[in-house]
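For reference, the structure is listed below as C-alpha cells.
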Amino acid sequence: MCRSIRTLREPYAPEVTEADVRAAALQYVRKISGFRTPSARNAAAFAAAVDAVAAATTTLLEQLVVAGGGPAGGAAGGPGAAVAPAQAAVRAESTESGVQRER
C-alpha cells in the first residue's frame, strides 16, 4: 500500500514507540484520504482518523502473538507488553483442545 509504512511487530521492529505508531497512522490516513495536508475544514476529521488508526494499531500490536512465544511487543513494555485477559483465555482454551492457531 504505502511503502513508507514499515512493519511494527517483532522481529522486524524490536522497539516500537508511540511516534512510530503515529507516523504509520498518519501515512495511512494520508494515503486513504488523498491529502498530504488537509484543508482547515477537514483538519479535525483528519486528526481524528489519525488518532483512531493509531489506537487500532496499538491494540493490534498488543494482541498479536508471534511464532516462538509471547506477545509481539515483548516483555520489556510498550505495545504488546501485556495480553488482554480475554485473549489469554482464548489462547489457553485453544491449546488445551489441541488446536493452536496463529491469529
Side-chain angles (χ1 to χ4, degrees):
M1 174 199 297
C2 193
R3 293 184 185 156
S4 59
I5 298 176
R6 63 186 182 90
T7 303
L8 296 180
R9 72 164 177 86
E10 286 184 358
Y12 304 104
E15 289 187 43
V16 179
T17 66
E18 184 177 336
D20 294 329
V21 171
R22 290 204 59 82
L26 177 61
Q27 286 300 103
Y28 177 79
V29 172
R30 284 176 173 168
K31 182 69 170 185
I32 296 302
S33 69
F35 296 116
R36 174 156 172 69
T37 305
S39 65
R41 67 179 172 214
N42 291 323
F46 195 88
V50 171
D51 291 342
V53 171
T57 300
T58 299
T59 298
L60 172 66
L61 293 174
E62 288 173 347
Q63 295 178 358
L64 284 176
V65 176
V66 295
V83 177
Q87 289 293 328
V90 168
R91 287 191 199 111
E93 287 175 17
S94 65
T95 303
E96 289 172 9
S97 66
V99 178
Q100 182 71 33
R101 291 181 275 162
E102 284 273 328
R103 292 182 183 207

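Heavy atoms only: backbone and side chains are in, while hydrogens, waters and symmetry mates are out.
A24 pairs by the side chain to side chain contact (heavy atoms under 4.5 Å, CB included) definition with I5, L8, not counting sequence neighbours.
Identified under the salt bridge (Lys or Arg N to Asp or Glu O under 4.0 Å) test for residues 19-30, with sequence neighbours left out: R6-D20, R22-D51.
Among all heavy-atom pairs drawn from A54 and A25, the shortest one is N-CB, 3.6 Å.
Distance CG/L26 to NZ/K31: 13.5 Å, rounded to 0.5 Å.
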Acceptor/donor pairs from residues 40-50 side chains to any protein atom, 3.5 angstrom cut, sequence neighbours excluded:
residue : atom : partner : partner atom : Å
N42     : ND2  : S39     : OG           : 3.3

